[in-house]
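Okay, structure first, notes after.
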There are 4 protein chains.
Amino acid sequence: MSGVNKVILVGRLGKDPEVRNLDNGAVVANFSIATSESYKDRTTGEKKEVTEWHNIVLWRGLAEIAQKYLRKGDMVFIEGKLRTRSWEKDGVTRYTTEIVGDNMTMLTPKTGAGGGASQEYSSAERSPAESMRTNAPVDNSTDDLPF
Amino acid sequence: MSGVNKVILVGRLGKDPEVRNLDNGAVVANFSIATSESYKDRTTGEKKEVTEWHNIVLWRGLAEIAQKYLRKGDMVFIEGKLRTRSWEKDGVTRYTTEIVGDNMTMLTPKTGAGGGASQEYSSAERSPAESMRTNAPVDNSTDDLPF
Amino acid sequence: MSGVNKVILVGRLGKDPEVRNLDNGAVVANFSIATSESYKDRTTGEKKEVTEWHNIVLWRGLAEIAQKYLRKGDMVFIEGKLRTRSWEKDGVTRYTTEIVGDNMTMLTPKTGAGGGASQEYSSAERSPAESMRTNAPVDNSTDDLPF
Amino acid sequence: MSGVNKVILVGRLGKDPEVRNLDNGAVVANFSIATSESYKDRTTGEKKEVTEWHNIVLWRGLAEIAQKYLRKGDMVFIEGKLRTRSWEKDGVTRYTTEIVGDNMTMLTPKTGAGGGASQEYSSAERSPAESMRTNAPVDNSTDDLPF
DNA sequence: TTTT
DNA sequence: TTTT
């Protein structure tokens with residue numbers, strides 16, 4: 001790899017995630033989250049707000065967690081990378097920029113069994129034991145999705 | 001400047017912020033936030049959790065917002081930089097690493113007037129108008145704190 | 001503001017920046033930077049590379065620095081936020097996602113007078129004096145561009 | 001996990017990395033990198049610089065890459081997490097805060113065989129194929145270090 | 001302890 | 001459109 005491509009977002013889901021099971025067995029979730037910024041209009045002095053919508057794509061384990069736990073209006077932390085796809089429509093090439101998430105923390109407390117705190121999920125979890133400079137670390141969290 | 005020194009945290013306050021007014025009129029807030037990581041112990045198979053405490057320092061406007069709105073247990077997003085200070089105690093030089101925040105978003109909904117959503121604050125707010133490639137970009141970066 | 005919208009990139013410029021002076025006196029620079037990722041093709045076992053292009057927008061002081069110092073092929077660190085704009089062409093609404101930079105560090109050493117190390121520039125510079133818990137914190141955030 | 005604990009640094013190594021092989025077969029590298037910030041002294045008007053040193057810890061594959069390729073003076077991008085350890089010395093408990101890196105990009109071009117561009121390494125590499133919404137993604141980069 |  |  002060459003370079004760094006990182007996005008960090010905290011925002012709310014505009015709708016429930018759309019989750020699909022691909023033919024090859026992969027699971028993918030799509031949803032949008034909004035971030036907004038307020039500022040004072042220079043000429044009128046009014047306080048205004050600009051909302052930005054971000055298209056999130058999650059794969060495999062993260063997609064399944066999104067499907068189970070994320071709902072419209074929930075706040076999430078998403079870490080991922082930018083990816084722009086092109087596609088044809090009516091003979092016109094269009095471009096969509098998405099954030100492919102590899103790390104997610106739910107910031108809206110989930111009520112019910114065990115609910116409460118935020119919960120982070122990663123597409124490549126790694127044990128913190130390796131941070132502890134002692135012996136016997138490491139959970140090589142295998143990835144047992146069917147592909 | 002040379003290089004990049006950036007920290008991004010989402011965690012909960014261990015206690016209420018301590019806020020002090022310095023002789024020169026500056027306001028500074030100190031508090032700690034916890035992040036934790038869970039992993040499976042390799043030998044016992046048990047799920048374990050490691051908690052990390054981060055010392056946060058906020059200045060001026062951010063310190064005042066912390067004083068007003070942040071309480072023990074609240075979840076916050078903090079963006080800042082690492083800074084290690086040294087100090088003497090009992091003839092021994094000790095070091096403390098802190099995160100000097102320059103951006104903060106409260107993630108625990110505040111009930112009461114206007115409460116509800118998260119709210120972001122920056123030590124150097126800038127209008128998003130400049131992002132809009134139209135006329136009259138805006139600089140409202142005035143800083144009217146008493147120092 | 002509500003939420004967090006942050007992008008961090010390290011990549012190379014595909015071309016020299018395009019810099020324009022707007023009627024209102026603002027300066028804006030546009031350029032693209034590439035990040036790439038290598039991976040092993042699952043079926044063929046070949047090592048492949050995917051390149052992602054990011055559209056960068058810089059305003060005012062950062063635009064002027066880009067104009068002076070950034071050239072095709074140079075490596076830069078960019079910190080900013082995502083912003084999607086829509087525009088019409090041939091009766092079709094199109095969308096472009098850009099990164100509006102608020103912090104930049106040049107990573108390609110500049111030879112010649114004073115050249116050498118990386119240099120960071122921010123759209124809202126702030127003195128580190130405030131990090132030093134001593135007397136007289138500093139606000140030198142004046143913004144003397146002509147708008 | 002609960003929360004987010006992320007550090008992003010671009011700086012130069014003060015010395016060559018120290019690399020050790022632990023009894024359990026793990027490899028760990030330690031080195032410091034400097035970031036600096038310049039500011040104008042408020043009273044004297046002089047331009048000053050503050051340097052911050054960050055203690056980096058890398059494990060396994062990243063440690064081996066550091067050993068092979070990183071040298072004093074090199075510039076690197078490091079992504080990781082904060083971790084504070086305590087230890088005893090002369091009956092006094094001391095604390096050290098380190099950055100445990102999980103992603104690294106070398107920003108100093110390496111001359112010699114194959115040298116030149118920046119190169120990124122991750123502690124948990126993942127194929128970008130999964131980003132491409134086609135069939136047959138995924139390289140489950142196994143982790144074959146001896147522990 | 002880096003670098004300009 | 002960069003770079004190796």
Side-chain angles (χ1 to χ4, degrees), chain A residues 1-5 84 86 95, chain B residues 1-5 84 86 95, chain C residues 9-18 29-39 47-56 66 69-78 96 98-99 105-121, chain D residues 9-18 29-39 47-56 66 69-78 96 98-99 105-121:
Chain A
M1 217 249 217
S2 168
V4 173
N5 173 0
T84 298
S86 64
Y95 296 88
Chain B
M1 215 252 217
S2 168
V4 172
N5 174 0
T84 298
S86 64
Y95 297 88
Chain C
L9 301 171
V10 175
R12 290 186 187 276
L13 279 80
K15 295 182 182 173
D16 287 359
E18 289 178 16
N30 290 270
F31 56 89
S32 294
I33 66 174
T35 59
S36 59
E37 215 175 333
S38 59
Y39 66 100
K47 198 176 178 185
K48 294 195 173 178
E49 194 173 72
V50 184
T51 295
E52 191 71 36
W53 286 96
H54 310 272
N55 302 311
I56 310 296
Y69 299 113
L70 285 184
R71 293 294 173 267
K72 173 179 173 174
D74 284 356
M75 181 171 281
V76 280
F77 170 94
I78 298 276
T96 301
E98 297 167 312
I99 292 93
T105 297
M106 306 189 307
L107 299 173
T108 294
K110 291 297 163 179
T111 50
S118 76
Q119 198 63 22
E120 175 169 333
Y121 301 99
Chain D
L9 301 170
V10 175
R12 290 186 187 277
L13 279 79
K15 295 183 181 171
D16 288 359
E18 290 178 16
N30 291 269
F31 56 91
S32 294
I33 66 174
T35 59
S36 58
E37 217 175 332
S38 58
Y39 66 99
K47 198 175 179 187
K48 294 197 173 177
E49 195 172 72
V50 184
T51 295
E52 190 71 37
W53 287 96
H54 310 273
N55 302 311
I56 310 297
Y69 298 114
L70 286 184
R71 292 294 171 266
K72 173 180 174 173
D74 286 354
M75 181 173 280
V76 280
F77 169 96
I78 298 275
T96 302
E98 299 167 310
I99 293 93
T105 298
M106 305 187 311
L107 299 172
T108 293
K110 290 297 164 179
T111 50
S118 76
Q119 198 66 21
E120 176 169 333
Y121 301 97

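Here is the naming used below: chain letters follow the sequence lines, and residue numbers restart at 1 for every chain.
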All side chain to side chain contact (heavy atoms under 4.5 Å, CB included) counterparts of K48(D), not counting sequence neighbours: Y39(D), D41(D), E46(D)
All side chain to side chain contact (heavy atoms under 4.5 Å, CB included) counterparts of T84(B), not counting sequence neighbours: Y95(B), T97(B), E52(D)
What is the distance from [atom1] of [X] to [atom2] of [N], rounded to the nearest Å?
X: E18(C); N: dT1(F); atom1: CD; atom2: P; result: 14 Å
X: M75(D); N: dT2(E); atom1: CE; atom2: P; result: 14 Å
X: Y121(D); N: dT4(F); atom1: OH; atom2: P; result: 14 Å
X: F77(C); N: dT3(F); atom1: CZ; atom2: C1'; result: 19 Å
X: M106(C); N: dT2(F); atom1: CE; atom2: C1'; result: 17 Å
X: K47(C); N: dT3(F); atom1: NZ; atom2: C1'; result: 14 Å
X: D16(C); N: dT2(F); atom1: CG; atom2: P; result: 12 Å
X: E49(D); N: dT2(E); atom1: CD; atom2: C1'; result: 10 Å

Sugar-phosphate only, base, or nothing, as touched by K15(D) at under 4.0 Å among non-hydrogen atoms: base
Stepwise side chain to side chain donor-acceptor pair (under 3.5 Å) check, H54(D) with S32(D): CA-CA 5 Å; H54(D) 310 273; S32(D) 294; over 6 Å; no
Base of dT2(E) paired with side chain of T51(D) (donor-acceptor, under 3.5 Å): yes
Backbone of G73(C) reached by a side-chain donor or acceptor of R12(C) within 3.5 Å: yes
Nearest to side-chain heavy atoms of S32(C), which nucleotide of dT2(F), dT3(E), dT1(F): dT1(F)
